[in-house]
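Report on the following structure.
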Amino acid sequence: MTIDLADYEQGAKYKGDYAADLAALQHRLAKIQVAHILHGRRSVILLEGWDAAGKGGIIKRMSADWDPRYYQVHPISAPTQEERDHHFLWRFWTRLPASRNIAIFDRSWYGRVLVERVEGFCSKADWKRGYDDINAFEAQLAQAGTHFVKLFVHITQETQDEQLAQRLDTPWKRWKTGADDYRNRARRADYLDAMHAMFKKTNSKVAPWQVIDNNHRKAGRIAALTHVADRLEALVPMDFPDADPAVVTLARAAFGYKGK
């Protein structure tokens with residue numbers, strides 16, 4: 001299926017009960033994390049998108065009810081000199097989730113075919129080869145049992161400008177913005193070309209892309225969490241074990257447990 005970001009710019013307000021629906025989704029996601037723990041599964045959830053698109057807000061709400069021992073958030077920034085001296089995927093291998101864990105990537109290896117392509121941080125040959133490298137990387141991981149959820153958080157130029165202004169106007173948010181945001185903003189057309197090429201080349205069966213219209217934050221967050229929950233529930237066993245009879249016996253002796 002062809003992905004066109006222009007199809008995700010409606011920005012319609014959320015019509016449901018946001019607080020109640022968010023709480024229900026967080027409860028679903030909490031059970032999904034437990035399923036990972038019980039069944040020894042591992043998943044990668046990665047988010048790409050524009051600067052100030054709201055990736056952090058989605059991650060915050062997605063992981064709100066998760067046990068912190070079994071998930072990790074990896075904010076990906078520019079590679080160090082040591083990382084640049086290796087293949088571009090090298091720095092991601094050590095961040096991949098172990099059994100029973102979920103890894104969340106706030107930006108990811110797709111930097112090779114996005115910012116590195118647009119800003120000239122790698123050669124044309126490097127970023128063109130990057131599509132095959134990424135597809136092979138994700139296919140290897142999927143074959144080894146890693147589940148993928150890939151979200152692209154989309155906003156219009158108007159929404160981005162509103163968010164950048166809000167960051168400047170809010171003292172405790174100013175640390176989140178800098179000159180890079182405006183350098184990237186000036187090349188929006190180039191980034192759109194790179195994004196559409198990325199979707200065309202890497203929207204695979206094992207790791208498909210889902211675009212999130214986050215022009216209205218509440219609607220976007222519900223859409224993002226719903227997609228994560230739907231996809232992982234389809235990939236991870238959601239059956240839970242009966243209580244251990246030996247533990248039930250101990251509970252009866254300890255405090256008169258009668259069960260349900």
Mind listing the closest non-hydrogen atom pair of [X] and [Y] along with its distance?
X: His27; Y: Asp65; answer: N-OD2, 4.4 Å
X: Ala52; Y: Ile155; answer: O-CD1, 3.5 Å
X: Val248; Y: Ala243; answer: CG2-CB, 3.7 Å
X: Ile102; Y: Ile45; answer: CG2-CD1, 3.8 Å
X: Val206; Y: Ala139; answer: CG2-CA, 4.4 Å
X: Val73; Y: Tyr71; answer: CG2-CE1, 3.8 Å

Could you state the interatomic distance from [atom1] ([X]) to [atom2] ([Y]), rounded to the nearest 0.5 Å?
X: Ile212; Y: Arg221; atom1: CD1; atom2: CZ; answer: 13.0 Å
X: Tyr14; Y: Lys218; atom1: OH; atom2: NZ; answer: 11.0 Å
X: Arg112; Y: Phe121; atom1: CZ; atom2: CZ; answer: 12.0 Å
X: Thr94; Y: Leu96; atom1: OG1; atom2: CG; answer: 7.5 Å
X: Ser108; Y: His74; atom1: OG; atom2: NE2; answer: 12.0 Å
X: Gln33; Y: Arg69; atom1: CD; atom2: CZ; answer: 9.0 Å

ask   = Trp50 ring centre to Arg185 NZ or CZ under 6.0 Å, with the angle to the axis within 45°?
value = no

inquiry  = Under 6.0 Å from the ring centre and within 45 degrees of the ring axis: does the NZ or CZ of Arg117 meet both conditions for the six-membered ring of Trp127?
reply    = yes

inquiry  = I need the single residue from Arg231, Met238, Glu233 that forms a side chain to side chain contact (heavy atoms under 4.5 Å, CB included) with Leu235. Which is it?
reply    = Arg231

Counterpart residues, side-chain hydrogen bond (donor to acceptor under 3.5 Å, both in side chains), relative to Thr226 (two or more places apart) = none

ask   = Among all residues two or more places apart in sequence or in another chain, which pass the side-chain hydrogen bond (donor to acceptor under 3.5 Å, both in side chains) test with Glu9?
value = His154

Between [Y] and [X], does any NZ, NE, NH1 or NH2 come within less than 4.0 Å of an OD or OE carboxylate oxygen?
X: Arg183; Y: Asp180; result: yes
X: Arg91; Y: Glu82; result: no
X: Asp51; Y: Arg107; result: yes
X: Asp193; Y: Arg187; result: no

message = Checking Gln160 against Thr156 for the side-chain contact (heavy atoms from CB on, under 4.5 Å) test, could you report, in this order, the C-alpha distance in whole Å, the side-chain angles of both residues, the deciding distance, and whether it holds?
response = CA-CA 6 Å; Gln160 185 184 46; Thr156 63; over 6 Å; no

Ignoring hydrogens and geometry, is there a side-chain-to-backbone donor-acceptor pair from [X] to [Y] under 3.5 Å?
X: Asn203; Y: Thr2; result: no
X: Ser99; Y: Gly40; result: yes
X: Lys150; Y: Thr202; result: yes
X: Trp66; Y: Leu29; result: yes
X: Asn101; Y: Pro97; result: no
X: His39; Y: Ala35; result: no
X: Glu83; Y: Thr80; result: yes
X: His196; Y: Leu5; result: yes
X: Asp4; Y: Asp7; result: no

request  = Under the side-chain contact (heavy atoms from CB on, under 4.5 Å) rule, what do Asp67 and Val34 come out as? Steps first, then yes or no, please.
outcome  = CA-CA 9 Å; Asp67 186 326; Val34 172; over 6 Å; no

Looking just at side-chain N and O atoms, do [X] and [Y] make a donor-acceptor pair shorter than 3.5 Å?
X: Gln166; Y: Lys173; result: yes
X: Arg42; Y: Thr146; result: yes
X: Asn184; Y: Tyr191; result: yes
X: Asn215; Y: Tyr8; result: no

message = Same cluster or not: Phe148 versus Val228, using hydrophobic residues (I, L, V, M, F, W, Y) connected whenever any side-chain heavy atoms lie under 4.5 Å apart?
response = no

message = Please say yes or no: joined through hydrophobic side-chain contacts below 4.5 Å, possibly via intermediate residues, are Ile58 and Ile76 part of one cluster?
response = no

Under 6.0 Å between ring centres: does that hold for [X] and [Y]?
X: Trp209; Y: Tyr110; answer: yes
X: Phe88; Y: Trp109; answer: no
X: Phe92; Y: Phe137; answer: no

Contact between [X] and [Y] at the side-chain level, heavy atoms closer than 4.5 Å - yes or no?
X: Leu225; Y: Leu22; answer: yes
X: Asn214; Y: Lys55; answer: no
X: Ile3; Y: Phe152; answer: no
X: Leu25; Y: Arg28; answer: yes
X: Arg61; Y: Gln26; answer: yes
X: His36; Y: Tyr70; answer: no
X: Leu114; Y: Met195; answer: yes
X: Leu47; Y: Ile104; answer: yes

inquiry  = Please determine whether the number of non-hydrogen atoms from other residues, nucleotides or ligands lying under 6.0 Å from atom CD of Gln157 exceeds 12.
reply    = yes

query = So Ile32 and Val236, side-chain contact (heavy atoms from CB on, under 4.5 Å) or not? Walk me through it.
reply = CA-CA 8 Å; Ile32 288 168; Val236 178; 5.5 Å; no

key: Within residues 235-260 or reaching into it, pairs that qualify as ring-ring contact (aromatic ring centres under 6.0 Å, His included) - sequence neighbours excluded   = none

query = Val44 and Leu141: side-chain contact (heavy atoms from CB on, under 4.5 Å), yes or no, with the steps?
reply = CA-CA 10 Å; Val44 166; Leu141 294 176; 5.7 Å; no

request  = Could you please spell out the steps behind the side-chain hydrogen bond (donor to acceptor under 3.5 Å, both in side chains) verdict for Gln143 and Gln140?
outcome  = CA-CA 5 Å; Gln143 289 167 7; Gln140 280 185 324; over 6 Å; no

task = Kindly determine whether Arg217 and Gln163 satisfy side-chain hydrogen bond (donor to acceptor under 3.5 Å, both in side chains), including the steps that lead there.
result = CA-CA 11 Å; Arg217 289 297 200 253; Gln163 292 299 316; 3.2 Å; yes

